[in-house]
Protein chains: 2
Amino acid sequence: MKKVTILDIAKELNITFSTVARALNDHPAISKSTKEAVKKTAERLGYRKNKIASSLRSGKSNIVGVLVPSLDVSFFSSVVHGIESVMNQHGYSILLYQSQESNRKEDKGIETLLNSRVDGIIVSIAINRDDNTIFEEIISKNIPLTFFDRALHELNAPSVTIDDYRGGYMATEHLIQAGYRRIVHITETRKLSNFKERLRGYMDALKAHNIPFNEDLVLKGNLSLDFGKDCVKDLTSRGVLFDAIFALEDFTAMGVIQQLKAQQIKIPEEVGVIGFANEAFGSLVTPSLSTIDQQTHLMGQETAKLFLAMLQEGSFYKTAPKKITLDPLLIIRASSKGPKL
Amino acid sequence: MKKVTILDIAKELNITFSTVARALNDHPAISKSTKEAVKKTAERLGYRKNKIASSLRSGKSNIVGVLVPSLDVSFFSSVVHGIESVMNQHGYSILLYQSQESNRKEDKGIETLLNSRVDGIIVSIAINRDDNTIFEEIISKNIPLTFFDRALHELNAPSVTIDDYRGGYMATEHLIQAGYRRIVHITETRKLSNFKERLRGYMDALKAHNIPFNEDLVLKGNLSLDFGKDCVKDLTSRGVLFDAIFALEDFTAMGVIQQLKAQQIKIPEEVGVIGFANEAFGSLVTPSLSTIDQQTHLMGQETAKLFLAMLQEGSFYKTAPKKITLDPLLIIRASSKGPKL
DNA sequence: CTGAAAGCGCTAACAA
DNA sequence: TTGTTAGCGCTTTCAG
């Protein structure tokens with residue numbers, strides 16, 4: 001089975017291959033009859049347009065690169081799901097990369113994407129990103145770049161994020177309004193600004209409600225279920241008084257819940273708990289976990305739309321970049337129903 | 001900023017572009033000094049190899065297509081995670097498609113992949129797949145094709161699956177050994193063979209333990225949390241006697257658990273429950289959900305390895321295809337600890 | 001060890 | 001409405 005090209009179709013019909021090309025691309029200046037004939041023989045011969053050749057010639061690949069930390073984190077796979085769906089409807093394919101939270105792999109990923117001559121790049125950066133040069137290269141080459149969730153805001157590129165500050169504020173305020181007063185916040189040691197924003201929201205919410213900020217109530221580490229457990233152990237063993245915990249993320253919050261249960265501490269009567277991210281398990285566990293929803297599907301769609309708009313504009317970095325901030329959604333479940341009075 | 005090609009590097013160094021090309025590809029017949037000079041100026045000029053051009057010329061894209069139903073299902077995103085990681089280590093990129101369980105989109109996806117001249121295709125088919133022609137085209141074109149989890153076994157292509165029959169058998173036998181006797185099985189109406197296999201395992205396990213098969217205890221529908229709830233409602237309202245439920249999949253099992261709890265039916269004392277898939281929430285819910293683990297990470301890695309082996313062979317469909325079957329893992333948790341005696 | 005030259009399959013400007 | 005022609009940027013064979 002040898003390869004069928006437009007030349008084969010042309011020979012078959014005694015016309016030139018450029019007519020064939022035009023017919024296949026529905027060029028307006030081609031008669032209906034030739035178009036039909038061409039399409040029929042194309043089908044008969046099992047012709048498949050070689051996208052590589054057309055990309056090389058036209059300078060457009062109809063492929064966009066998507067680089068995320070890991071598809072094993074449901075937040076990212078969910079957003080990528082949304083991005084792929086929308087981009088696909090608009091005729092684009094997704095070239096996928098995972099940085100695995102490694103800066104080196106992230107750089108390598110971008111390089112491959114650049115070498116592959118993708119039409120644009122969508123990224124959510126690694127947790128420890130500290131060097132922007134590769135991203136500056138994308139921009140200086142005038143290739144469309146859009147960030148989602150984890151953005152480099154100092155760069156002149158559009159982004160779709162949720163308002164982490166507000167999320168942190170909402171979570172904390174909700175706990176306060178539910179009647180909790182000594183509220184612990186578990187945050188991250190690593191660089192990513194999203195976590196710093198949630199912390200800032202936490203602090204401001206306390207201030208707004210005249211609750212003094214207490215440094216002992218802020219714990220830092222690397223997010224994970226086990227870290228959540230450790231935090232509770234640490235707090236109780238040190239005899240710190242607290243009546244609620246706002247964890248930066250749901251798995252950590254789940255660790256908190258499990259450890260509190262293990263130590264027979266009642267949720268929400270003795271300690272209220274709220275997480276962040278609205279993972280699938282939150283509504284299924286007992287007590288169900290209050291959390292902040294990040295609107296993953298909407299984020300995927302908005303990212304794709306913003307990116308498509310950028311593709312159509314042409315001059316990508318002339319004007320101030322559009323930064324879309326989605327509202328976090330407070331999901332109140334059983335774990336923060338308020339303390340026993 | 002204009003594009004830099006090997007020609008620019010050549011001019012800069014007063015050598016021909018073919019020498020530059022060889023130097024960049026570490027061709028053995030190029031002197032160390034030229035290689036170094038070339039690489040240095042390449043870097044200085046900001047050269048990036050145009051993969052599209054090399055793909056067109058060499059006939060190799062170093063891209064593999066991956067087509068899955070949906071990344072929003074953690075099973076698939078987890079396997080894709082594994083596939084991407086391994087393939088990436090071997091210099092391949094992933095072109096990603098989602099069929100959204102639609103045959104039409106699946107066909108379109110394969111076509112785009114074919115047009116994109118990927119070096120091979122990895123697929124997990126849509127739930128209602130009924131026509132194999134597009135897959136036959138892949139094989140007839142001698143393009144490497146590998147299935148995972150959901151395979152078309154009648155085709156002469158390799159696959160990595162788990163033994164669904166054994167999974168169904170194990171789940172059922174576990175319930176029997178835990179002391180349950182009137183075991184309900186919830187299965188799917190749709191075509192996919194995996195579910196039929198689980199059902200077969202269920203039936204054979206009953207037979208092996210001399211428990212008569214009772215058609216009233218097999219419920220059919222479309223998997224979902226709500227369907228799980230409906231099943232319990234249906235069984236109790238019809239007054240069917242049962243003391244355990246084996247659901248084809250974890251979300252359905254979760255619906256079962258929620259509805260049993262809502263009706264004050266004790267788990268596992270009055271009714272034991274087991275699911276299938278080992279979703280993240282299973283260990284976090286109360287009672288924790290027994291299930292069958294499908295070894296998603298291993299499946300991703302094995303799929304990638306099998307695929308890579310295929311790529312190296314060259315003659316892809318001469319010999320009988322290698323079909324790897326992974327062992328399902330029984331995960332016993334609280335939901336099936338045995339009935340109250 | 002390096003150069004010359006052909007061509008992968010298509011797009012698109014220019015001609016007719 | 002169709003044909004002619006010139007590449008896109010690289011790989012690769014054949015010469016030297």
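Only a predicted model underlies this, so the values are computations on that prediction, with no experimental measurement involved.
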In whole angstrom, give the distance that lies between atom [atom1] of [X] and atom [atom2] of [N].
X     : N      : atom1 : atom2 : value
B:I9  : D:dT11 : CD1   : P     : 12 Å
B:H27 : D:dC10 : NE2   : P     : 17 Å
A:L7  : C:dC10 : CG    : P     : 9 Å
B:I52 : D:dG7  : CD1   : C1'   : 16 Å
A:K60 : C:dT11 : NZ    : P     : 13 Å
A:N62 : C:dC10 : CG    : C1'   : 14 Å
B:K32 : C:dC1  : NZ    : P     : 12 Å
B:I6  : C:dT2  : CD1   : C1'   : 14 Å

For DNA chain C, whose closest nucleotide is more 5', that of A:K51 or that of B:P28?
B:P28
Among [options], which nucleotide has an atom closest to any side-chain atom of [X]?
X     : options                : answer
A:T19 : D:dG3, C:dG3, C:dG9    : D:dG3
B:S18 : D:dG3, D:dT2, C:dA4    : C:dA4
B:N50 : C:dC10, D:dC10, D:dT12 : D:dC10
A:L56 : D:dC10, C:dG9, C:dT11  : C:dG9

Could you walk me through whether B:K305 and B:E302 pass the salt bridge (charged side-chain N to carboxylate O under 4.0 Å, His left out) test, one step at a time?
CA-CA 5 Å; B:K305 277 197 227 160; B:E302 290 297 319; 3.6 Å; yes
Under-4.0 Å side-chain N/O to phosphate OP1/OP2 contact, [X] with [N]:
X     : N      : value
A:N25 : C:dT11 : yes
A:S31 : D:dT2  : yes
B:K3  : D:dC8  : no
A:T34 : D:dT2  : yes

On DNA chain D, nearest-nucleotide positions of A:I15 versus B:S58: which is more 5'?
A:I15
Please list, by residue number, the residues of residues 35-48 of chain A whose heavy atoms come closer than 4.0 Å to an atom of DNA chain C; answer none if no residue qualifies.
A:Y47
Quick one, A:Q100 and A:P69 - any side-chain contact, counting heavy atoms below 4.5 Å?
no
With distance as the sole criterion, do the side chain of B:R22 and the base of C:dG3 form a donor-acceptor contact below 3.5 Å?
yes
Check if the side chain of B:S54 and the base of D:dT11 share a donor-acceptor pair of N or O atoms closer than 3.5 Å.
no
Please check if atom NZ in B:K322 has more than 12 non-hydrogen atoms from other residues, nucleotides or ligands closer than 6.0 Å.
no
Parallel, tilted or perpendicular: which describes the rings of B:F75 and B:F148, with under 30° parallel and over 60° perpendicular?
tilted
Check whether any side-chain N or O of A:R150 sits under 3.5 Å from a backbone N or O of A:I125 as a donor-acceptor pair, and report yes or no.
yes
Do you see a donor-acceptor pair shorter than 3.5 Å between the side chains of B:N132 and B:E154?
yes
For a quick check under 3.5 Å, do B:E101 and B:S70 share a side-chain donor-acceptor pair by atom type?
no
Residues passing the ring pair (Phe, Tyr, Trp, His ring centres under 6.0 Å) test with A:F147, sequence neighbours excluded, are A:F135
